Amino acid sequence: QVQLVESGGGLVQAGGSLRLSCATSLYSFTRAAMAWYRQAPGKQRELVASITTGGSTNLADAVKGRFTISRDNAKNTVYLQMDSLKPEDTAVYYCHTEAPFGDYWGRGTQVTVSS
């Protein structure tokens, strides 16, 4: 079975921080590129950040300088550190395994940023 379980979401005031975690049951986590996506109400799901098997990262322009994606291969876990949060960051955040490993999604964790 492949399972991705997100945690760490919640309600935070603008300017605050949250750290999301994605715990995986992947048999070969070190071989999987990982990513965080988010989907706000009425909007299409968008890529927020990705990290390769080698640890190289990419961030969406909207979150550059504020978010950091990382992975801990010993724990089979990927993280998203979110600082200087803005109300427009409000969304459900999803963990995802990137191609060519496969197409697996977590169920999401809600992040709400109040003004």
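What you see is a predicted model, and the numbers here were worked out from it, not measured in a lab.
Neither Leu20 nor Trp105 shares a network with the other; the hydrophobic side chains, linked directly or stepwise wherever heavy atoms of I, L, V, M, F, W or Y lie under 4.5 Å apart, form separate groups for each. Transitive grouping of hydrophobic side chains (ILVMFWY, heavy atoms separated by less than 4.5 Å) brings Phe29 and Phe101 into a common cluster. Hydrophobic clustering of Ile, Leu, Val, Met, Phe, Trp and Tyr side chains at less than 4.5 Å, counting indirect connections, keeps Tyr94 apart from Leu80. At a threshold of 4.5 Å between side-chain heavy atoms, the hydrophobic network of Ile, Leu, Val, Met, Phe, Trp and Tyr places Ile51 and Leu26 in one connected group. Val48 and Tyr104 fall within a single hydrophobic cluster, where Ile, Leu, Val, Met, Phe, Trp and Tyr side chains are chained together by heavy-atom contacts under 4.5 Å.
The distance from the CZ atom of Phe67 to the CG atom of Leu59 is 9.0 Å, given to the nearest 0.5 Å. Considering OG1 of Thr77 and CG of Asp72, their distance stands at 6.5 Å, rounded to 0.5 Å. The structure places CE of Met34 at 6.0 Å from OG1 of Thr97, a figure rounded to the nearest 0.5 Å. To the nearest 0.5 angstrom, Gln44 atom CD is 13.5 Å from Arg38 atom CZ.
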Under 3.5 Å, sequence neighbours excluded: what are the donor-acceptor pairs made by side chains of residues 5-14?
from	atom 1	to	atom 2	distance (Å)
Glu6	OE1	Arg107	N	3.1
Glu6	OE1	Gly108	N	2.9
Glu6	OE2	Cys95	N	2.8
Glu6	OE2	Gly108	N	3.3

Evaluate side-chain contact (heavy atoms from CB on, under 4.5 Å) for Tyr93 paired with Gln110, printing each intermediate quantity in order.
CA-CA 6 Å; Tyr93 284 72; Gln110 177 71 50; over 6 Å; no
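Contacts of Ala35 classified as side-chain contact (heavy atoms from CB on, under 4.5 Å), with partners at least two apart in sequence or in another chain: Tyr37, Leu47, Ser50, Glu98.
A donor-acceptor distance shorter than 3.5 angstrom exists from the side chain of Thr90 to the backbone of Val113, with no hydrogens or angles considered. Side-chain atoms of Thr52 come within 3.5 Å of backbone N or O of Ser56 as a donor-acceptor pair. A donor-acceptor pair under 3.5 Å is formed between the side chain of Arg66 and the backbone N or O of Ala62.
No side-chain donor from either of Thr30 and Asn73 sits under 3.5 Å from a side-chain acceptor of the other.
Look at Lys86 and Asp89 and you find no salt bridge, because none of the NZ, NE, NH1 or NH2 atoms lies under 4.0 Å from a carboxylate O.
For the pair Arg71 and Tyr79, the cation does not sit on the ring face, since its NZ or CZ is not both under 6.0 Å from the ring centre and inside 45° of the axis.
The shortest heavy-atom contact between Leu4 and Cys22 is CB-SG, 4.0 Å.
Using a 4.5 Å heavy-atom threshold, the side chains of Ser17 and Gln81 count as touching. You'll find the side chain of Val92 stays beyond 4.5 Å of the side chain of Val111, heavy atoms only.
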